[in-house]
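In what follows, chains are A, B, ... by sequence order, proteins preceding strands, each numbered from 1.
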There are 2 protein chains.
Amino acid sequence: MSPRVSKEHLKQRRADIMKAARNVFIEHGYEHTTMKHVMEAAGVSRGGLYQYFSNKEDLFEALLEEGLTDEAGATEDSLGKVESYWALLMQLLFGEDGSPDTEMDPLAPSKLEFFITGRNDERRRAYGEKRYEMGLRMYEELIKAGQRSGEFSDRYESNLIARSIITFVDGLALDHAMLPEEKVKLKEQSAMFVEYLKMALDVSSSR
Amino acid sequence: MSPRVSKEHLKQRRADIMKAARNVFIEHGYEHTTMKHVMEAAGVSRGGLYQYFSNKEDLFEALLEEGLTDEAGATEDSLGKVESYWALLMQLLFGEDGSPDTEMDPLAPSKLEFFITGRNDERRRAYGEKRYEMGLRMYEELIKAGQRSGEFSDRYESNLIARSIITFVDGLALDHAMLPEEKVKLKEQSAMFVEYLKMALDVSSSR
DNA sequence: TTGCAAAACGACACCAGTGTCGATATAATG
DNA sequence: CATTATATCGACACTGGTGTCGTTTTGCAA
């Protein structure tokens with residue numbers, strides 16, 4: 001119900017499709033979802049869907065970008081109301097409450113798929129690298145700042161610590177994509193990794 | 001050129017196909033290789049190929065099993081000629097020479113694909129869990145033994161350490177699947193992880 | 001109301017990949 | 001050498017997914 005409609009309505013429709021698509025990707029994974037799945041979930045026709053997204057890749061990338069801006073916003077928010085670099089780091093790792101829990105981005109498995117299966121496609125690869133660099137820089141800057149302030153020890157290179165954080169997070173995401181949470185022991189592993197970070201950064205208390 | 005042949009020849013043919021398939025999977029990844037690719041690489045017809053493997057999944061699983069038995073054999077070999085649990089652990093992690101290097105199983109990215117994209121298939125999932133458990137048990141037993149012998153501290157639970165090893169290895173494999181080696185800094189990260197293990201197990205020297 | 005631009009529709013042509021099956025070729029056996 | 005079991009072949013039918021495009025519908029403006 002809406003030909004030649006306001007830009008508002010177009011935005012809304014697009015958002016609706018993306019929301020439905022998100023659920024589909026979560027359910028079926030990237031490779032196994034089809035445009036037909038999305039059509040049905042979003043209650044839109046084939047032609048209608050292609051009006052907004054020219055193919056599955058395009059659609060998924062829209063979701064990726066959306067997630068990115070959301071995240072950036074959340075980080076922005078945290079920046080003010082945090083009392084230490086350590087607290088900020090914990091918040092970056094585990095979200096709002098800043099303590100290890102069992103929640104993970106439900107879209108994460110599909111994201112892994114997207115980048116792994118696309119590793120031979122130049123475009124996709126470049127995009128993946130860009131995202132890796134972004135994450136890396138984020139953690140690295142944070143650690144550097146903490147080191148400069150004296151809160152963190154500079155025994156280890158900030159770059160390397162940042163890298164190991166990403167490796168760990170990716171590893172957890174990967175294992176969690178394939179195994180039930182109880183088997184991965186997400187919470188315990190996260191807690192242990194935090195111990196490791198405390199050691200590497202020479203932070204005593206967790207507050 | 002070989003109908004009604006010796007069992008030897010059949011084994012050989014099968015092995016040849018698997019070898020060719022391995023290369024194809026390495027080049028294209030699991031999802032993007034087709035039976036046609038394998039046919040061409042192995043120099044065998046469609047019908048011929050299907051005589052040995054009933055589909056792509058079957059073929060890939062044969063490669064997985066092969067890798068598993070190879071690995072078990074290599075581990076077996078090490079067991080005798082190793083002077084400490086620590087050395088054994090390093091050998092398990094980094095292969096023969098037991099020191100961090102930049103080599104990784106070239107089939108690893110395809111393996112990740114196989115299990116991630118198949119995470120909703122019951123059969124595949126169960127298989128993945130089985131493999132995880134196997135790897136977990138292997139590391140756990142080793143660490144337990146080291147702890148019993150007094151070589152390792154039992155400050156941390158062997159199970160948890162084993163898990164974090166797998167998480168780390170998986171994380172590295174994942175990042176390496178998408179990023180060039182220089183970007184992941186495989187070697188440096190491995191070295192740092194070893195430092196961490198030394199800390200967790202309270203091992204002083206690396207020999 | 002009426003006209004229209006364009007949003008939404010869904011049938012269609014197309015393609016790539018799969019697994020099968022009858023035909024063919026040939027290594028072993030007597 | 002003739003026979004035969006069967007390994008190998010490749011054409012084929014089928015399937016599922018894709019992106020397009022002419023048609024229909026509908027919200028808005030005149």
Side-chain angles (χ1 to χ4, degrees), chain A residues 1-21 23-25 27-63 110 113-114 117-118 120-121 123-124, chain B residues 1-21 23-25 27-63 110 113-114 117-118 120-121 123-124:
Chain A
M1 329 124 173
S2 61
R4 194 183 191 188
V5 295
S6 63
K7 286 204 170 172
E8 285 316 306
H9 200 185
L10 289 186
K11 281 266 178 213
Q12 187 55 47
R13 195 93 159 101
R14 191 181 148 95
D16 289 346
I17 292 177
M18 282 174 67
K19 184 165 182 178
N23 291 329
V24 175
F25 282 125
E27 183 177 353
H28 296 288
Y30 179 75
E31 286 294 325
H32 292 159
T33 79
T34 70
M35 288 304 249
K36 202 177 174 195
H37 288 147
V38 177
M39 283 160 48
E40 281 157 11
V44 68
S45 71
R46 185 161 211 83
L49 175 55
Y50 275 87
Q51 186 114 21
Y52 290 90
F53 302 97
S54 56
N55 51 47
K56 188 169 71 167
E57 186 172 9
D58 184 33
L59 175 52
F60 194 77
E61 280 179 20
L63 286 173
S110 294
E113 264 186 74
F114 181 78
T117 62
N120 287 331
D121 176 72
R123 222 184 76 81
R124 202 115 122 209
Chain B
M1 324 129 175
S2 60
R4 192 180 193 190
V5 294
S6 63
K7 286 203 171 175
E8 284 317 306
H9 201 184
L10 290 185
K11 281 266 179 214
Q12 187 54 47
R13 196 93 158 96
R14 192 181 148 95
D16 288 346
I17 292 177
M18 281 174 67
K19 183 165 184 178
N23 291 329
V24 175
F25 281 126
E27 183 178 353
H28 296 288
Y30 179 74
E31 286 293 327
H32 293 159
T33 78
T34 70
M35 289 304 250
K36 202 177 174 194
H37 288 149
V38 178
M39 283 159 49
E40 282 157 10
V44 67
S45 71
R46 185 160 211 82
L49 176 55
Y50 275 86
Q51 186 111 21
Y52 291 91
F53 302 96
S54 57
N55 51 47
K56 189 170 71 166
E57 187 172 8
D58 184 35
L59 175 52
F60 193 77
E61 280 178 21
L63 286 173
S110 294
E113 263 185 75
F114 180 78
T117 62
N120 287 330
D121 176 73
R123 223 184 76 80
R124 202 116 122 210

Find the distance A/L10:CG to C/dA8:C1' and express it as a whole number of Å. 12 Å
Atom-pair distance (NE2 on A/H9; P on C/dA5), nearest Å: 21 Å
Separation of D/dG17 P from A/E40 CD (nearest whole Å): 10 Å
Which heavy atom of A/E31 sits nearest to which heavy atom of A/K56, and what is that distance? O-NZ, 3.2 Å
Rounding to an integer number of Å, can you tell me how far B/L49 CG sits from D/dC9 P? 10 Å
Atom-pair distance (CG on B/D16; C1' on D/dA7), nearest Å: 15 Å
Does the side chain of B/M35 come within less than 4.5 Å of B/L49's, by heavy atoms? yes
Would you call the rings of B/Y30 and B/F25 parallel, tilted or perpendicular if under 30° counts as parallel and over 60° as perpendicular? parallel
Tell me, do A/V44 and A/Q51 make a side-chain contact under 4.5 Å, heavy atoms counted? no
Whole-Å gap separating P (D/dT26) and CZ (A/R13): 12 Å
Is any side-chain N or O of A/Q51 closer than 4.0 Å to OP1 or OP2 of C/dA7? yes
Check whether any side-chain N or O of A/D16 sits under 3.5 Å from a backbone N or O of A/A42 as a donor-acceptor pair, and report yes or no. no
Polar atom pairs between nucleotides 17-19 of chain C and protein, under 3.5 Å, N or O only, would you list them?
unit_1 : atom_1 : unit_2 : atom_2 : d
C/dT18 : OP2    : B/M35  : N      : 3.2
C/dG19 : OP2    : B/Y50  : OH     : 2.7
C/dG19 : N7     : B/R46  : NE     : 2.8
C/dG19 : N7     : B/R46  : NH2    : 3.3
C/dG19 : O6     : B/R46  : NE     : 2.8

Under the 3.5 angstrom rule, does the side chain of A/R124 hit a backbone N or O of A/F114 as a donor-acceptor pair? yes
Closest of D/dG10, C/dC9, D/dA7 to the A/S45 side chain is C/dC9
Rounded to whole Å, how long is the line connecting atom NZ of B/K7 with atom C1' of C/dA28? 15 Å
From the options C/dC9, C/dA7, D/dC9, select the nucleotide whose nearest atom is closest to the side chain of B/V44. D/dC9
Show the nearest heavy-atom pair for residues A/H32 and A/H28, with the distance to one decimal. CB-O, 3.5 Å
Under 4.0 angstrom between A/Y52 side-chain N/O and C/dA8 OP1 or OP2: yes
Identify whether any heavy atom of A/F53 sits under 4.0 Å from a base atom; if not, whether one sits that close to sugar-phosphate; answer base, sugar-phosphate or nothing. nothing
note: A/M39, atom CE; D/dG19, atom C1'; distance rounded to Å ~ 12 Å
